[in-house]
Structures are given as structure tokens and as C-alpha cells.
Amino acid sequence: YAGVREPEVLFATWERILQTHPELTEKIVLQVFGPFYEARRSVYTSWQKKLGDHLQINTSLPRVVALAASQQMDALINLGNTTDYQLPSKTPDYLATGLPIINIQQHPDCAFGHALVDYPGLLTIKLGEEEIELRSGWWEKRYGDELVGQMLAPYWIEEVARGFLQQED
């Protein structure tokens with residue numbers, strides 16, 4: 001989404017992770033899935049050349065295939081919005097995996113970070129941080145069904161509808 005989530009921010013942060021943690025350069029690859037708009041093709045091509053084998057750009061996948069592919073990852077990355085009022089629709093999908101999640105925070109009052117504040121697998125990187133600390137072994141942990149179920153409870157349709165109906169005008 002132009003102006004809300006830009007690929008340059010994601011790729012520059014990934015580059016910074018690689019620079020900050022050279023011990024991981026043989027172990028980590030950023031895989032990006034999604035629709036890539038022709039107007040932005042040069043951005044992806046440029047970063048692909050710059051990051052080489054550390055960046056794999058894939059096409060869009062049907063939702064069910066994308067969810068299955070996410071289960072094969074060590075961690076997921078959320079590129080936070082530049083706004084504070086919009087929670088990415090993929091938030092429940094990310095939680096449902098039970099995987100660690102890196103949140104690249106672009107706005108100081110990040111809705112994604114607030115929604116997942118109690119998720120132990122969340123690692124937030126604030127945009128522009130010089131030193132990016134990845135706790136040793138952090139990406140190796142998976143979170144169980146009980147915790148994930150508790151974290152997902154607010155997103156069930158009944159809870160969303162209840163919250164909507166209880167809103168004051």
C-alpha cells in the first residue's frame with residue numbers, strides 16, 4: 001500500500017539485520033510473497049540485486065497455499081503501517097501460525113504492536129534503529145494452541161460483532 005507500507009523499508013531493515021548479525025548471513029533468507037505492481041518493479045529488482053541470495057521474491061499465492069507456506073518459515077515479518085489506526089488484516093493469520101513474528105514498527109503508536117503486546121514471540125524493530133538485537137534462538141520457538149487460541153479470541157467474528165454493536169456513536 002503506497003504511503004502506508006513501502007517495500008524499501010522492509011528491504012532496508014533486512015539489510016540492516018544482515019549487517020548487524022553477520023553470523024546469520026549463511027542461515028537467513030527473506031521470502032516475499034504478494035502482488036508486485038509494475039510501477040514498483042524496479043524497486044524489487046534493485047533490492048534483489050543488492051541482497052542477492054538473502055532475498056527471494058515470489059508471486060502471489062492463494063490464501064490457503066500462503067498459510068501452508070508460512071508454516072514452513074522460521075519466523076514471519078510484519079511491515080507496520082505508517083498510520084496508527086489500521087491493524088493489518090493478516091494479523092490473525094500471523095498469530096494462527098504460532099511462529100515468532102518480527103514487527104518493523106514505522107509509527108510510534110503501532111496498531112500491530114499493541115494488538116500483539118502479550119505475544120511472547122513478537123520482536124519489534126523500530127524503524128531507524130542502529131543496533132538490531134535478535135535474541136539467540138528466538139526464531140526457533142513455536143507457540144502452542146492454547147496461547148494462540150487466547151490471542152486469537154478477539155478476532156473471532158462473534159467478538160468482532162459484539163465490539164461493533166457495543167460501540168458508542
Side-chain angles (χ1 to χ4, degrees), residues 1-14 17 28-37 40 44 55-129 132-169:
Y1 296 102
V4 177
R5 288 190 305 265
E6 298 288 350
E8 296 91 341
V9 173
L10 173 63
F11 301 146
T13 302
W14 190 248
I17 289 171
I28 61 176
V29 174
L30 174 63
Q31 291 196 37
V32 179
F33 294 89
F36 303 105
Y37 304 103
R40 305 298 305 223
Y44 294 100
L55 174 61
Q56 291 181 2
I57 297 178
N58 306 285
T59 59
S60 290
L61 299 173
R63 187 170 187 269
V64 68
V65 177
L67 289 173
S70 70
Q71 288 293 332
Q72 304 304 311
M73 305 299 156
D74 292 316
L76 302 176
I77 298 179
N78 175 64
L79 177 57
N81 293 338
T82 56
T83 63
D84 64 346
Y85 55 83
Q86 185 180 19
L87 185 63
S89 61
K90 66 181 171 265
T91 303
D93 294 339
Y94 274 33
L95 268 174
T97 67
L99 292 169
I101 302 168
I102 296 174
N103 178 40
I104 301 172
Q105 179 181 326
Q106 294 195 83
H107 190 280
D109 199 20
C110 176
F112 189 88
H114 284 298
L116 274 66
V117 69
D118 294 326
Y119 185 61
L122 182 67
L123 174 68
T124 295
I125 297 172
K126 294 179 181 169
L127 191 61
E129 277 185 331
I132 296 175
E133 185 176 335
L134 297 178
R135 299 181 300 273
S136 178
W138 163 84
W139 56 87
E140 297 169 0
K141 183 150 176 62
R142 300 296 178 268
Y143 300 92
D145 291 343
E146 185 176 340
L147 172 67
V148 170
Q150 290 170 358
M151 297 291 300
L152 283 172
Y155 300 101
W156 294 121
I157 191 64
E158 295 85 2
E159 290 301 314
V160 172
R162 184 176 296 115
F164 179 76
L165 293 172
Q166 291 176 352
Q167 282 184 341
E168 294 181 353
D169 291 312

Practice problem: Please round to the nearest 0.5 Å and tell me the distance separating atom CG of Leu55 and atom CZ of Phe11. | Solution: 5.0 Å

Quiz item: Can you name the closest pair of heavy atoms from Ala69 and Leu61 and give their distance?
Solution: CB-CD1, 4.4 Å

Exercise. List the atom of Thr82, the atom of His107, and the distance in Å for their closest heavy-atom pair.
Key: O-CD2, 3.1 Å

Quiz prompt | Interatomic distance, Ile101 atom CD1 to Ile77 atom CD1 [nearest 0.5 angstrom] | solution = 11.0 Å

Self-check item: Shortest non-hydrogen separation from Asn58 to Gln31 and the atoms involved
Solution: ND2-OE1, 3.7 Å

Quiz prompt | Any donor-acceptor N/O pair, Tyr119 side chain to Val148 backbone, under 3.5 Å | solution = no

Practice problem: Sort out for me which residue in Ile104, Thr124, Leu79, Asn103 forms a side chain to side chain contact (heavy atoms under 4.5 Å, CB included) with Phe112. | Solution: Asn103

Practice problem: Applying side chain to side chain contact (heavy atoms under 4.5 Å, CB included), run through Gln150 and Asp118 and close with a yes or a no. | Solution: CA-CA 10 Å; Gln150 290 170 358; Asp118 294 326; over 6 Å; no

Exercise. Please name all residues satisfying side chain to side chain donor-acceptor pair (under 3.5 Å) with Glu159, sequence neighbours left out, ordered by chain then number.
Key: Arg162

Exercise. Give, for atom OG1 of Thr91 and atom CE of Met151, the distance between the pair rounded to the nearest 0.5 Å.
Key: 10.5 Å

Exercise. Rounded to the nearest 0.5 Å, what's the gap from NZ on Lys126 to OG1 on Thr13? Could you check?
Key: 14.0 Å

Quiz item: Of all heavy-atom pairs between Thr97 and Ser70, which one has the smallest distance, and what is that distance?
Solution: CG2-OG, 3.5 Å

Self-check item: Lys90 side, atom NZ; Leu67 side, atom CG - distance, nearest 0.5 Å
Solution: 12.5 Å

Practice problem: Flag the pair Val32 / Pro7 as yes when at least one side-chain heavy-atom distance between them is below 4.5 Å, and no otherwise. | Solution: no

Quiz item: For Leu122 and Leu116, which heavy atoms make the closest approach, and how far apart are they?
Solution: CD2-O, 3.6 Å

Exercise. Under the side chain to side chain contact (heavy atoms under 4.5 Å, CB included) rule, what do Ile17 and Ile28 come out as? Steps first, then yes or no, please.
Key: CA-CA 10 Å; Ile17 289 171; Ile28 61 176; 4.2 Å; yes

Practice problem: For Pro92 and Leu152, work out which heavy atoms get closest and say how close. | Solution: O-CD2, 3.4 Å

Quiz item: Which distance, rounded to the nearest 0.5 Å, do you find between the CD1 of Ile102 and the CD1 of Ile125?
Solution: 5.0 Å

